[in-house]
Number of protein chains: 2
Amino acid sequence: MNDAAWIKRFEGLNRLPDAIKETLVKRSQVVTVPTGTKVFGPGLVPDNLLLLVEGTVKVSQTSESGREIVLYRVEAGQSCVLTTACLLAHEAYAAEGVAETDVTAVAIPRVVFDELAASSPQFRDFVFAAYARRITDLFRVIDEVAFGKIDVRLADRLVGLAGGSGELEVTHQQLATELGTAREVISRQLSEFQKRGWIRLSRGHVSLSDTPALERLAASA
Amino acid sequence: MNDAAWIKRFEGLNRLPDAIKETLVKRSQVVTVPTGTKVFGPGLVPDNLLLLVEGTVKVSQTSESGREIVLYRVEAGQSCVLTTACLLAHEAYAAEGVAETDVTAVAIPRVVFDELAASSPQFRDFVFAAYARRITDLFRVIDEVAFGKIDVRLADRLVGLAGGSGELEVTHQQLATELGTAREVISRQLSEFQKRGWIRLSRGHVSLSDTPALERLAASA
DNA sequence: ATGCGTGTGTGACTACGTCACCGACATTGC
DNA sequence: GCAATGTCGGTGACGTAGTCACACACGCAT
């Protein structure tokens with residue numbers, strides 16, 4: 001019962017009454033999945049709500065034509081809440097989630113989710129706040145795809161993905177997928193960034209040498 | 001109590017127990033809003049969930065740059081459910097909803113919504129099913145904007161907007177807004193359709209003369 | 001008729017996406 | 001070591017979509 005520790009990681013869950021916390025801990029299960037695992041996706045009717053304790057899950061969508069775009073990432077302390085809609089509506093899911101790192105998560109079974117939603121206003125708040133966040137993310141994606149310039153979007157993504165180190169191991173194709181564009185477009189844009197001295201390129205590797213410059217470009221959205 | 005008639009219009013609400021139906025009818029209010037009214041939007045924290053009995057609400061998003069794109073429409077028998085996330089998460093909403101026609105709707109106050117969510121599994125199902133539908137819509141928009149060709153998207157939209165009559169009163173600019181693109185692009189595309197004999201154009205008016213052709217193009221998504 | 005606001009047409013240009021292809025590099029098996 | 005193979009990245013030519021700067025057409029009010 002003392003692994004209730006994970007609850008602290010989740011913004012909205014602290015406020016839950018102790019009785020509810022207990023149910024949550026007792027009736028859900030801590031699971032770990034290795035990098036690359038498909039957490040949910042078309043054909044997989046999910047029957048758990050996942051709360052990510054550690055790691056990140058990349059949620060992306062693949063169109064009929066086979067092209068792919070990253071919708072958002074679920075980070076530690078967040079939940080795969082959009083799956084709940086399908087979870088309860090028994091619908092197939094158009095997007096798929098893949099573990100980008102080794103992931104530790106708490107899996108809340110459908111029935112438990114439903115009980116909690118019934119019994120705890122705070123839990124409902126938690127769920128709807130998570131929804132609001134994701135939907136906002138989707139709105140942002142639509143805005144960027146529809147109206148954004150790729151140099152700006154790419155700069156933004158590079159900074160976002162690099163984290164503190166300024167080093168990232170990605171292929172041009174992977175970056176193209178992030179933004180839902182073509183590999184060549186990314187290649188050319190990266191060359192341009194390199195020419196300006198903002199990054200250094202090598203096979204499967206990008207290293208940011210002038211992060212502020214990239215941030216400035218990204219900010220000019 | 002006999003205006004409970006509207007409940008029948010909503011797919012998921014028929015299954016509600018009578019007691020719940022009664023609460024719903026008693027504690028919500030039928031409202032009518034005229035064409036053009038802003039139903040929700042940035043700066044307006046919504047405190048009602050609207051169930052549309054009659055009319056349609058157009059939900060669109062405007063980017064910082066002032067460009068606009070239509071996200072989806074709420075039709076009779078559906079609900080503005082995405083607002084509930086903000087409703088309960090107390091967040092501002094990035095999108096705005098405008099009554100496209102005179103609208104009759106049932107407004108469920110926040111507290112009633114919360115009570116129903118607590119007390120009725122069927123109501124929760126209804127809400128999450130509505131969510132699933134909207135989210136699916138958003139995914140479709142992303143897919144189309146990112147990977148779709150405008151001729152296809154335009155053909156699809158023309159057919160969708162025209163309804164049975166095959167006549168529609170829209171400016172090229174409005175169609176551009178529908179798809180999140182530029183007026184010139186629409187103008188040229190419409191000219192092309194006209195050249196092929198699929199439509200006839202006049203100021204502020206489009207009349208579909210070969211709907212099947214448009215549908216065929218739209219289907220080749 | 002004159003003027004004005006809104007809606008539409010057009011050409012030149014830029015940005016992005018597509019296609020076809022080639023060469024560089026890494027890995028594996030020999 | 002060398003060759004075979006697969007992945008990754010570079011490049012030119014081209015097509016489609018979005019941008020910019022206009023000019024013109026129509027409807028309405030004065």
Side-chain angles (χ1 to χ4, degrees), chain A residues 36 62-69 141-158 168-196 199-207 217-218 220-221, chain B residues 36 62-70 141-158 167-196 199-207 217-218 220-221:
Chain A
T62 305
S63 78
E64 306 157 17
S65 53
R67 290 188 55 183
E68 200 179 341
I69 185 171
V141 171
I142 291 175
D143 194 88
E144 285 178 2
V145 171
F147 308 124
K149 307 249 173 205
I150 38 107
D151 54 352
V152 175
R153 296 175 61 207
L154 179 56
D156 181 64
R157 200 54 69 107
L158 286 174
L168 52 176
E169 305 298 320
V170 280
T171 67
H172 298 184
Q173 180 55 59
Q174 285 171 326
L175 288 170
T177 297
E178 289 283 333
L179 304 180
T181 182
R183 201 252 322 153
E184 297 91 320
V185 175
I186 297 296
S187 289
R188 291 192 245 263
Q189 206 57 58
L190 287 176
S191 302
E192 176 61 24
F193 287 170
Q194 185 174 38
K195 207 175 73 187
R196 295 187 203 163
I199 62 177
R200 255 162 311 141
L201 294 171
S202 56
R203 191 187 175 86
H205 183 95
V206 180
S207 104
L217 178 57
S220 68
Chain B
T62 305
S63 78
E64 306 156 18
S65 55
R67 290 188 54 183
E68 200 178 342
I69 184 170
V70 174
V141 171
I142 291 176
D143 195 87
E144 284 177 1
V145 172
F147 309 124
K149 308 248 175 207
I150 37 107
D151 54 352
V152 174
R153 296 175 61 205
L154 178 57
D156 180 63
R157 201 55 69 107
L158 287 174
E167 303 292 320
L168 53 179
E169 304 298 319
V170 280
T171 67
H172 298 184
Q173 180 55 61
Q174 286 171 326
L175 289 170
T177 296
E178 289 282 334
L179 305 181
T181 182
R183 200 255 318 156
E184 297 91 318
V185 174
I186 297 297
S187 289
R188 290 193 245 263
Q189 206 59 58
L190 287 175
S191 302
E192 176 62 24
F193 288 171
Q194 185 173 39
K195 208 175 72 188
R196 295 187 203 164
I199 63 178
R200 254 163 310 140
L201 294 171
S202 55
R203 191 187 176 86
H205 184 94
V206 180
S207 104
L217 178 57
S220 67

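In what follows, chains are A, B, ... by sequence order, proteins preceding strands, each numbered from 1.
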Subject >> Residue whose closest nucleotide on DNA chain D lies nearer the 5' end, Gln189(B) versus Arg183(B) >> reply: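 First, find each residue's nearest nucleotide; the 5'-ward one identifies Gln189(B).
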**OP:** Could you say whether Val185(B) or His172(A) is positioned toward the 5' end of DNA chain D, judged by the nucleotide with the nearest heavy atom to each?
**Re:**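 Checking each residue's closest nucleotide, the 5'-ward one belongs to His172(A).
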Subject >> Contact boundaries on DNA chain C for chain B, cut-off under 4.0 Å to non-hydrogen atoms >> reply: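 Taking any atom under 4.0 Å from a heavy atom of chain B, the span is dG5(C) to dA12(C).
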Subject >> Residues that Glu169(A) engages under side chain to side chain donor-acceptor pair (under 3.5 Å), provided they are two or more places apart >> reply: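 In terms of side chain to side chain donor-acceptor pair (under 3.5 Å), with neighbours along the sequence ignored, Glu169(A) is linked to His205(A).
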Subject >> side chain to side chain donor-acceptor pair (under 3.5 Å) involving Arg157(A) - partner list, sequence neighbours excluded >> reply: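 Expected list: Glu178(A).
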Original post:
Is there a residue in residues 144-152 of chain A whose heavy atoms reach under 4.0 Å of DNA chain C, and which residues are they?
Top reply: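 Those residues are Lys149(A), Ile150(A).
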Original post:
Any donor and acceptor pair, going by atom type alone, linking the side chain of Glu144(B) with main-chain N or O of Val141(B) inside 3.5 Å?
Top reply: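 Such a contact is absent between Glu144(B) side chain and Val141(B) backbone.
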Original post:
Is there a donor-acceptor contact under 3.5 Å from the side chain of Arg67(B) to the main chain of Phe147(A)?
Top reply: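 No, Arg67(B) side chain to Phe147(A) backbone: no donor-acceptor pair under 3.5 Å.
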Original post:
Is the CZ atom of Arg200(B) crowded by more than 12 outside heavy atoms at less than 6.0 Å?
Top reply: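 Count not over threshold, so no.
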Below 4.5 Å, heavy atoms only, C-beta onward: do [X] and [Y] meet side chain to side chain?
X         : Y         : answer
Ile186(A) : Leu179(A) : yes
Leu201(A) : Val206(A) : yes
Leu154(B) : Leu158(B) : yes
Glu192(A) : Asp151(A) : no

Original post:
Under a 4.0 Å N-O cut-off, is there an ion pair linking Arg188(B) with Glu184(B)?
Top reply: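 No, this pair does not count.
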**OP:** Under 4.0 Å from any heavy atom of chain A: name the first and the last nucleotide of DNA chain D that qualifies, 5' to 3'.
**Re:**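 Listed 5' to 3', the contact boundaries are dG6(D) to dA13(D).
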Original post:
What nucleic acid atoms does Arg67(A) come within less than 4.0 Å of, heavy atoms only: base, sugar-phosphate, or nothing?
Top reply: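 Sugar-phosphate contact only.
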Original post:
Axis-to-axis angle across the helix from dA1(C)-dT30(D) to dC30(C)-dG1(D), five pairs an end, to 10 degrees?
Top reply: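 Answer rounded to 10°: the end axes differ by 10°.
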